[in-house]
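Being a predicted model, the structure only gives us computed values, none of them experimental. By convention here, the first residue in the shown sequence is residue 1.
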Amino acid sequence: MSAPVSETKHDDGAPPPAPRWGDRLAVAGFLLAFLLPMLLRSTVHPAPLPGSPGLLSQLHGIACLFTHKPDGWSSYYVQLRRADTQQWVTLDQSELFELQPFGRRTRMHRLLGAWKAKPSRKTRHMARWILERHASLHPEHARPDAIRFTRAWMIPSADAPPQRGWAHPDWFAVPPQRRRVIVTYRVDELLADLPAKGDAP
């Protein structure tokens, strides 16, 4: 019969080394910066904690998952207006942003949501990129004279749940009080910001 397994010891008989101060500080930082604030958000304070960095608040929100019931959901649109018709046409985002992650939200949706659905230098750059991308995909189309980002939000109803899964509604089918124009750009102004060919970037 073999001898019982004894407690593991170092060859020299010395006790295991104590944790280093850097290791202790890393654990303490994780507890203070992530675990304890996440516990607060998941129990007594579902909103982002005051003074918390944006990225940390996002991580807390992901870790806590669903701490409160949303009142509705947003949809974002990119629309072009042509000089000959003066009508706004909603572009198909699937050909501009091919990757559609969970929740049927395109990358544009995620970016506009992260940018608080407000005009900025970032929305200006994205509008310019969409114009160039759309022109390369549809060279047969005339150049539009304006581009805009819009937002609509829907309030779910238990009496009329979505059929066959939820989908973004048509912009013009949403009641006007639940639609908002985020920003509108004139195409000639956007293209005027581009450096001329041959110029250094």
Side-chain angles (χ1 to χ4, degrees), residues 46-48 53-82 85-157 160-191 193-194:
L55 178 59
L56 192 59
S57 295
Q58 291 181 8
L59 294 176
H60 289 159
I62 294 171
C64 297
L65 293 180
F66 309 107
T67 58
H68 65 284
K69 181 181 72 174
D71 296 327
W73 61 82
S74 296
S75 295
Y76 295 94
Y77 308 84
V78 55
Q79 299 169 323
L80 300 180
R81 186 185 64 194
R82 306 189 186 283
T85 63
Q86 290 298 308
Q87 294 181 349
W88 290 101
V89 177
T90 302
L91 296 184
D92 180 9
Q93 294 185 39
S94 63
E95 66 177 11
L96 298 170
F97 307 93
E98 299 179 0
L99 177 62
Q100 296 191 32
F102 170 78
R104 303 185 186 181
R105 294 172 293 178
T106 64
R107 183 166 178 78
M108 188 189 82
H109 184 121
R110 299 296 301 270
L111 289 174
L112 288 176
W115 299 339
K116 310 297 184 184
K118 295 180 179 179
S120 66
R121 180 178 55 86
K122 298 176 182 178
T123 58
R124 190 177 186 89
H125 287 327
M126 185 163 64
R128 187 184 299 117
W129 179 87
I130 289 175
L131 286 172
E132 295 176 345
R133 176 66 174 160
H134 185 261
S136 66
L137 293 173
H138 300 281
E140 73 279 6
H141 291 178
R143 193 179 81 177
D145 69 336
I147 182 174
R148 72 181 184 182
F149 296 114
T150 57
R151 176 191 175 209
W153 56 96
M154 301 297 294
I155 299 177
S157 172
Q163 301 298 318
R164 296 180 298 277
W166 177 81
H168 295 285
D170 181 84
W171 161 260
F172 297 101
V174 180
Q177 65 271 21
R178 295 181 186 168
R179 299 186 316 205
R180 184 172 70 86
V181 176
I182 298 173
V183 63
T184 302
Y185 296 112
R186 291 188 57 84
V187 172
D188 55 356
E189 295 177 354
L190 284 176
L191 299 182
D193 293 341
L194 290 175

Point to revise | Gln87 side chain near Arg81 side chain, heavy-atom distance below 4.5 Å | key: no

Query raised in the report: Is there side-chain contact between His125 and Trp129, with heavy atoms separated by less than 4.5 Å?
Result: no

*asked:* I want to check something: taking the side chain as every heavy atom from C-beta on, are Thr184 and Ile147 in contact at a cut-off of under 4.5 Å?
replied: no

If you look only at distance, which donor and acceptor atoms sit under 3.5 Å apart when one is on a side chain in residues 174-181 and the other is two or more places apart or in another chain?
unit_1: Arg179; atom_1: NH1; unit_2: Trp171; atom_2: O; d: 3.3
unit_1: Arg179; atom_1: NH1; unit_2: Val174; atom_2: O; d: 3.4
unit_1: Arg180; atom_1: NH2; unit_2: Ala117; atom_2: O; d: 3.1

- What's the verdict on side-chain contact (heavy atoms from CB on, under 4.5 Å) for Met154 and His168, showing C-alpha distance, side-chain angles and the deciding distance? CA-CA 9 Å; Met154 301 297 294; His168 295 285; over 6 Å; no

Sub-3.5 Å donor-acceptor pair from the side chain of Arg107 to the main-chain atoms of Phe97, do we have one?
-> no

### Message
Between Pro144 and Leu131, is there a side-chain heavy-atom distance shorter than 4.5 Å?
### Response
yes

Could you check if a side-chain atom of Leu112 sits within less than 4.5 angstrom of a side-chain atom of Arg151, using non-hydrogen atoms only? no

Applying side-chain hydrogen bond (donor to acceptor under 3.5 Å, both in side chains) to Glu140 and not counting sequence neighbours gives His138

So CH2 of Trp88 and OH of Tyr77: to nearest 0.5 Å the spacing works out to 15.5 Å

- [ ] Starting from the C-alpha separation in whole Å, work towards a yes-or-no answer on side-chain contact (heavy atoms from CB on, under 4.5 Å) for Leu91 and His134.
- [x] CA-CA 9 Å; Leu91 296 184; His134 185 261; 3.7 Å; yes

ask   = Would Arg110 and Thr106 satisfy side-chain contact (heavy atoms from CB on, under 4.5 Å), going step by step from the backbone distance to the final call?
value = CA-CA 7 Å; Arg110 299 296 301 270; Thr106 64; over 6 Å; no

Residue set satisfying salt bridge (charged side-chain N to carboxylate O under 4.0 Å, His left out) with Arg148, at least two apart, ordered chain then number -> none

>> For a 4.5 angstrom cut-off between non-hydrogen side-chain atoms, does Arg186 reach Leu190?
In response: no

Residues at least two apart in sequence or cross-chain that pass side-chain hydrogen bond (donor to acceptor under 3.5 Å, both in side chains) with His141, listed by chain then number, are none

Residues at least two apart in sequence or cross-chain that pass side-chain hydrogen bond (donor to acceptor under 3.5 Å, both in side chains) with Tyr185, listed by chain then number, are Thr123

CE (Met126) and CG (Leu111) are apart, to the nearest 0.5 Å, by 5.5 Å

Closest non-hydrogen atoms of Met108 and Gln93, given as atom of the first, atom of the second and distance, are CE-NE2, 3.3 Å

side-chain hydrogen bond (donor to acceptor under 3.5 Å, both in side chains) filter on Thr90, not counting sequence neighbours, yields Gln79

Requested in this report: Might you work through the side-chain contact (heavy atoms from CB on, under 4.5 Å) test for Arg143 and Leu191, ending with a clear yes or no?
Outcome: CA-CA 11 Å; Arg143 193 179 81 177; Leu191 299 182; 3.2 Å; yes

When Ile182, Ile130, Thr150 are each screened for side chain to side chain contact (heavy atoms under 4.5 Å, CB included) with Val78, the one that passes is Ile130

